[in-house]
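Presented below is the structure to which this report refers.
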Amino acid sequence: MNVYFDNAATTAMSRAALDAMIPALQDTYANASSLHTAGQLAKEKLEQARTEIADCLGAQPREIIFTSGGSEADNQAIISVAKWGAKRNKKHIVSTAFEHHAVLHTLQKLEKEGYEVTYLDVHEEGMVCLDELKAAIRPDTCLVTVMYANNEIGSIQPIAEIGAICREKNVLFHTDAVQAVGHLDIDVNEQNIDLLSLSAHKFHGPKGVGCLYAKRGVILSNLIEGGAQERGKRAGTENIPAIIGMAAALKDILSHREENEAKVSAMRDRLIEGLSQIPHSKLNGHPTKRLPGNVNFCFEGVEGESLLLLLDMKGIEASSGSACTSRSLDPSHVLLAIGLPHEIAHGSLRLTLSEYNTMEEVEYVIRELPGVIEYLRNMSPVWESLEKGETKHVI
C-alpha cells in the first residue's frame, strides 16, 4: 500500500484546479497587460479569479495581490509594515518563536537593520497567551505577526482575539495562514486581519502561486520592481493559468469544507488514538485546537531521519517537520519552542492527511509504525541506556 501522509508539505492537484487550468494554458496565453483583445480577455480572467479568491476570504478584490506563494507574501507583508513603521519611529514587532522560516528569517533580517522583535512563548501546547501578547505590544510596535495554524504541530491560534487586541492597540496584524486557508473558516473582516498570506499548493492548487491579502489602506512596499502589474505592487507578468487554478481549487475545497473537516478529523483522531498506544510516545501540539489533518508525535529513543526512511520502504510518505527544512539535521525549532529537549525533538514524525486519504490507510500506518519504532529502538544505544535505567525517560 502507498500512503501519502505529507499534505502539509504539499497536496495533490484537485480535479477542479486541473479542469480550470488546462483550457487556460491552451487559450488564455496572452499577456494581461496587453491592450489587444486577447490581452483584455486574459485580464478579464485574471480579475475574475481575483474576485473569487477575495470572496472566499471575505475581502475586496483590490485587496488581493498575487504572488509566487506564501513565502513571498510573508516577506512582502512584514517588510512593508516595517518600512511604514520606521517612518513613524515604530520599529518594534511582535511575533512567536515557532513561526515558519519565511517569517522568522525576515524578522531576523530586520533585526540586523535595527528593528526590535519580541518573540512570544507558545508554551507546551503551541498556543499564544493573549495576556502575554497584550503586554508585549508597546507604543513603538508597528506589527504583530502570528501564524494562523502551525505547519508542524497543527496548533490553531485564537486569531480573532489576537486581531481584536491589535485593533484596540492600533497595531497592524499579519497572519501566515498558509496551512489554514481551505481547511478552516476564515473571514478577514470578522477576525480583524490586516494582512494574510496563502499558498495554492496547500489546498490542492498548483505550486508557485499564492497571494497576499492587504486590507485597504495598508501601504505595501515592492519586493520586485520592473512593471505595473498588481497595481504596481508586484512586478512580473501574471501566471494566469496558475492563478485560475488557485481560485478553482479554493472555491472547490471550501464548497466541501465542513464535510472534509469531519472526515479528516475522524481519521486524525483515530491515528492519534492508535499511535498513542506506542510506549514513550508524545503527541505534540494542542490536543483539540489543531488542524483537522495534523498528527505530530515524538518517539523517545528514535531518530527521525531513520524513521522516515523505513516508513518510506513500507510505502508510507511522511515528514519530520517543515518541508522547507526537512533536509536539515537540526531538530525542529517548533518542537524546541514548545519545550522539548533536543534528543526528543530529533525523534519527531509529522503525518498530515487530506480528504483524499482513507481510514484504511490510517489503519495501515497504525499497524506498521509500532514495528518500525521497535526495530529502531532495538538498534539504539540511547534506548538501551534508557531501558537499563542508566538514564531517565523523558516521555
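A quick note: this is a predicted structure, and the numbers were derived from the prediction, not measured.
Residues Q179 and L291 meet the side-chain proximity criterion, which asks for heavy atoms closer than 4.5 Å. Residues L275 and L351 meet the side-chain proximity criterion, which asks for heavy atoms closer than 4.5 Å. Put simply, the side chain of D74 reaches to within 4.5 Å of the side chain of H174, judged on heavy atoms. Inter-residue side-chain proximity for Q229 and T237 is flagged as met; some heavy-atom pair is nearer than 4.5 Å. Proximity of F5 to L311: side-chain heavy atoms (C-beta onward) are nowhere separated by under 4.5 Å.
Under the rule for a side chain to side chain contact (heavy atoms under 4.5 Å, CB included), the partners of E390 that lie at least two apart in sequence or sit in another chain are S385, K388.
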Listed pairs under 3.5 Å, donor-acceptor, residues 19-28 side chains, sequence neighbours left out:
unit_1 : atom_1 : unit_2 : atom_2 : d
D19    : OD1    : R15    : NE     : 3.0
D19    : OD1    : R15    : NH2    : 3.1

Check residues 239-252 and write down every donor-acceptor pair under 3.5 Å in which the side-chain atom is one partner and the other belongs to a residue at least two apart or another chain.
unit_1 : atom_1 : unit_2 : atom_2 : d
N239   : OD1    : A242   : N      : 3.4

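Comment: K282 does not engage E300 in a salt bridge, judged by the lack of any side-chain N to carboxylate O separation of less than 4.0 angstrom. Ion pairing of R234 with E72 is present here, as a side-chain N (NZ or NE/NH1/NH2) and a carboxylate O approach within less than 4.0 Å. Ionic pairing of R88 and D140 is not present here: no N-O contact between side-chain nitrogen and carboxylate oxygen is shorter than 4.0 angstrom. Remark: R50 engages E230 in a salt bridge, criterion side-chain N to carboxylate O under 4.0 Å. A salt bridge does not link E374 with R377: none of the charged nitrogens is closer than 4.0 Å to a carboxylate oxygen. Between E259 and K263, none of the side-chain N atoms (NZ, or NE/NH1/NH2) sits under 4.0 Å from a carboxylate O, so this pair counts as no salt bridge.
Between the side chain of R268 and the backbone N or O of L353, no donor-acceptor pair lies under 3.5 Å. Panel note: side chain N357, backbone Y4; a donor-acceptor pair is recorded below 3.5 Å. A donor-acceptor pair under 3.5 Å is absent between the side-chain atoms of E317 and the main chain of D312, judged by distance alone. Remark: the backbone N or O of K43 is not paired with any side-chain donor or acceptor of E47 at under 3.5 angstrom. Of the possible donor and acceptor atoms, one in the side chain of T352 sits under 3.5 Å from a partner among the backbone N and O of A8. In this structure, the side chain of H286 engages the main chain of T288 through a donor-acceptor pair within 3.5 Å. Proximity of a side-chain donor or acceptor of S155 to a complementary backbone N or O of N150 within less than 3.5 Å is not detected. Here the side chain of K202 pairs a donor or acceptor atom with the backbone of A9 at under 3.5 angstrom.
Partner of E355 under the side-chain hydrogen bond (donor to acceptor under 3.5 Å, both in side chains) criterion, chosen from H256, R257, H204: H204. Of the residues listed (S332, S320, S348), the one engaging E152 in a side-chain hydrogen bond (donor to acceptor under 3.5 Å, both in side chains) is S332, and it is the only one. Considering H92, E116, K169 in turn, H92 is the only one that fulfils the side-chain hydrogen bond (donor to acceptor under 3.5 Å, both in side chains) rule with T141.
There is a side-chain donor-acceptor pair under 3.5 Å between E387 and H393. A donor-acceptor contact under 3.5 angstrom links the side chains of T96 and E99, judged on distance only. A donor-acceptor contact closer than 3.5 angstrom is absent between the side chains of Q40 and E44. N75 and T106 are linked by a side-chain donor-acceptor pair at a separation below 3.5 angstrom, with hydrogens and angles left out of the test.
The hydrophobic clustering, which links ILVMFWY residues whose side-chain heavy atoms are closer than 4.5 Å, places V218 and Y213 apart.
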Next on the checklist: Evaluate C298 against N284 for side chain to side chain contact (heavy atoms under 4.5 Å, CB included), listing each step before the verdict.
Outcome noted: CA-CA 7 Å; C298 280; N284 299 310; 3.3 Å; yes
Item to check | Pair H100-V178, side chain to side chain contact (heavy atoms under 4.5 Å, CB included): steps then yes or no | outcome: CA-CA 10 Å; H100 189 278; V178 166; over 6 Å; no
Next on the checklist: Run N296 and V334 through side chain to side chain contact (heavy atoms under 4.5 Å, CB included) and show every step you take.
Outcome noted: CA-CA 11 Å; N296 188 302; V334 171; over 6 Å; no
Next on the checklist: Walk me through whether Y364 and K314 qualify under side chain to side chain contact (heavy atoms under 4.5 Å, CB included).
Outcome noted: CA-CA 10 Å; Y364 176 71; K314 292 182 175 293; 3.9 Å; yes
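Heavy atoms from other residues, nucleotides or ligands lying under 6.0 Å from NZ of K233 number more than 12. In the displayed structure, Q60 atom CD is contacted under 6.0 Å by at most 12 heavy atoms of other residues, nucleotides or ligands.
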